[in-house]
Amino acid sequence: MPDSRVPRRRRFLVCEPRHFAVQYAINPWMRPDAPVDVDLAQEQWQALIGAYRTHGHTVDAVDPAPGLPDMVFAANSAVVVDGRVFGALFHAPERRPESTHYDTWFKSAGFDVHRPESVCEGEGDLVWTGRYVLAGTGFRTTREAHREVQEFFGHPVISLTLVDPRFYHLDTALFVLDDSADGNNVAYYPEAFSPGSREVLARLYPDAVLATLDDALAFGLNSVSDGRNVFIAPQAEALASALGDRGYVPVPVDLSEFRKAGGGIKCCTQEIRS
């Protein structure tokens with residue numbers, strides 16, 4: 001059955017966790033009094049990069065900047081569709097300087113960058129499905145930003161309301177399994193969403209893989225899929241099993257040290273779609 005799933009090679013942008021730390025609290029996972037093992041974080045991050053490259057994906061890196069401990073979470077820096085870059089305007093003042101460094105990288109790589117007028121946290125809340133953008137709101141990215149995104153890309157944007165602060169970004173509660181036209185599907189944790197948003201997701205994705213609370217708390221939904229291989233937290237055992245039953249191939253990568261800042265695999269991974 002797994003052979004029926006076809007992977008698509010991806011291009012990812014990442015940032016080394018050289019300056020990773022928990023120096024402030026901007027989500028329920030962050031405790032500045034809890035020590036971070038930077039060496040372990042580096043080891044886990046390198047394992048993720050190695051897994052991507054082993055599976056044929058291209059990985060680019062932006063240089064980390066001192067004083068920006070969350071810069072490792074590259075997904076929040078932008079969303080890129082059809083070679084067009086919609087940048088970030090972070091909710092937390094502590095993170096706003098990150099945008100300059102990422103914008104500089106994109107421009108040096110030949111991309112034009114649109115600067116949003118409203119608070120918008122990149123792929124943290126904007127998930128390209130291959131057909132439209134699923135857009136989270138409730139804690140970070142605003143509905144005004146959703147309108148900006150639709151005007152910029154010219155693709156439909158579907159707003160989804162998050163209601164559990166533990167899942168403060170859409171990418172902690174949902175990820176795309178397959179963005180191809182004939183196999184488009186997602187996995188998500190229903191209780192992270194408002195009742196209306198749950199109904200929307202059920203209508204759009206009647207065959208979605210539904211995660212348990214334990215899977216979600218293990219950051220199992222902060223995963224990256226290439227259409228066949230799913231890079232996933234090993235602690236999300238039930239979700240990995242369900243994905244295997246659907247013909248996907250779980251690739252366990254432990255980024256548990258980053259959970260201390262409310263991050264995981266997808267948080268560390270920006271996809272560049274040219």
Side-chain angles (χ1 to χ4, degrees), residues 26-30 75-76 79 81 86 89-92 116 118-151 153 155-179 183-225 230 232-233 235-243 245-246 248 259 262-267:
I26 57 173
N27 66 58
W29 300 88
M30 302 179 84
N76 305 150
V79 59
V81 178
F86 190 96
L89 175 59
F90 287 94
H91 176 76
S118 305
V119 170
C120 179
E121 300 203 345
E123 286 189 331
D125 276 323
L126 302 170
V127 177
W128 173 245
T129 68
R131 299 176 180 176
Y132 37 73
V133 178
L134 297 178
T137 191
F139 300 105
R140 300 291 182 83
T141 299
T142 65
R143 287 186 180 273
E144 289 77 11
H146 295 182
R147 288 191 283 270
E148 279 191 69
V149 169
Q150 181 164 281
E151 289 301 312
F153 288 121
H155 290 293
V157 171
I158 299 171
S159 295
L160 301 169
T161 301
L162 299 163
V163 296
D164 187 328
R166 294 173 296 182
F167 310 113
Y168 58 94
H169 271 156
L170 183 58
D171 73 356
T172 64
L174 176 150
F175 74 98
V176 174
L177 286 164
D178 189 345
D179 59 8
N184 188 244
N185 204 6
V186 302
Y188 67 97
Y189 172 56
E191 298 303 314
F193 298 91
S194 69
S197 295
R198 290 200 297 271
E199 288 190 25
V200 168
L201 286 169
R203 291 175 188 276
L204 290 174
Y205 299 104
D207 297 321
V209 177
L210 302 184
T212 66
L213 175 60
D214 287 343
D215 290 327
L217 292 174
F219 277 63
L221 293 163
N222 197 240
S223 296
V224 171
S225 174
V230 180
I232 187 170
Q235 297 84 1
E237 296 178 359
L239 179 56
S241 178
L243 293 173
D245 291 343
R246 297 288 191 98
Y248 297 97
R259 207 178 305 163
I265 292 171
K266 176 56 192 173
C267 290

Test log, rule side chain to side chain contact (heavy atoms under 4.5 Å, CB included), inputs F86 and V81: CA-CA 8 Å; F86 190 96; V81 178; over 6 Å; no

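- In summary, the side chains of R147 and T142 do not present any donor paired with an acceptor at a separation below 3.5 Å, with no hydrogens or angles considered.
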field: Audit row: K266, L170, side chain to side chain contact (heavy atoms under 4.5 Å, CB included) steps and yes/no
entry: CA-CA 11 Å; K266 176 56 192 173; L170 183 58; over 6 Å; no

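- Judged by distance alone, the side chain of D171 and the main-chain N or O of N222 form no donor-acceptor pair under 3.5 Å.
- Closest approach of F167 to A173, counting heavy atoms only: CB-CB, 4.2 Å.
- Looking only at side-chain heavy atoms (C-beta outward), T129 and L204 stay at 4.5 Å or farther from each other.
- Counting only distance, with no hydrogens or angles, the side chain of T141 and the backbone of G136 share no donor-acceptor pair below 3.5 Å.
- Between the NE2 atom in H169 and the CZ atom in R140 there is a gap of 4.5 Å [rounded to 0.5 Å].
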Show me the side-chain donor-acceptor pairs of residues 185-196 shorter than 3.5 Å, one per line, residues at least two apart or across chains.
| residue | atom | partner | partner atom | Å |
| --- | --- | --- | --- | --- |
| N185 | ND2 | D207 | O | 3.0 |
| S194 | OG | S197 | N | 3.3 |
| S194 | OG | S197 | OG | 3.0 |

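- Here the side chains of L174 and Y205 are not in contact, with every heavy-atom distance at 4.5 Å or above.
- Listed by chain and number, the residues in a side chain to side chain contact (heavy atoms under 4.5 Å, CB included) with P165 are P28, F139 (sequence neighbours excluded).
- If you take CD on Q235 and CG on D215, they are separated by 11.0 Å, rounding to the nearest 0.5 Å.
- Shown here for P156 and R131, the closest heavy-atom pair between the two residues is CD-O, 4.0 Å.
- L243 is listed as a side-chain neighbour of L177, based on a closest heavy-atom distance under 4.5 Å.
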task: Determine, stepwise, if the pair L162 / D125 fulfils side chain to side chain contact (heavy atoms under 4.5 Å, CB included).
output: CA-CA 10 Å; L162 299 163; D125 276 323; 3.9 Å; yes

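- Minimum interatomic distance between G262 and F219 (heavy atoms only, all atoms of both residues): O-CE2, 3.3 Å.
- Within 6.0 Å of atom NE2 in H91, 12 or fewer heavy atoms from other residues, nucleotides or ligands are found, so the atom counts as exposed in its surroundings.
- Exactly one residue among L160, T137, V133 makes a side-chain contact (heavy atoms from CB on, under 4.5 Å) with H146. That residue is T137.
- Taking all atoms of both residues into account, the shortest heavy-atom contact from L221 to T172 is CB-O, 3.7 Å.
- Nearest heavy-atom pair, A236 versus G220, reported as atom, atom and distance to 0.1 Å: CB-CA, 3.6 Å.
- Taking the six-membered ring for Trp and thresholds of 30 and 60 degrees, H155 and W128 have ring planes inclined between 30 and 60 degrees apart.
- Within the model, atoms SG of C267 and CZ of R259 stand 11.5 Å from one another, a figure rounded to the nearest 0.5 Å.
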task: List the steps and the verdict of side chain to side chain contact (heavy atoms under 4.5 Å, CB included) for E148 and V157.
output: CA-CA 10 Å; E148 279 191 69; V157 171; over 6 Å; no

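- Enclosure of atom CD in E237 is not indicated, since only 12 or fewer non-hydrogen atoms of other residues, nucleotides or ligands lie within 6.0 angstrom.
- The nearest pair of heavy atoms linking C120 to L126 is SG-CD1, 3.4 Å.
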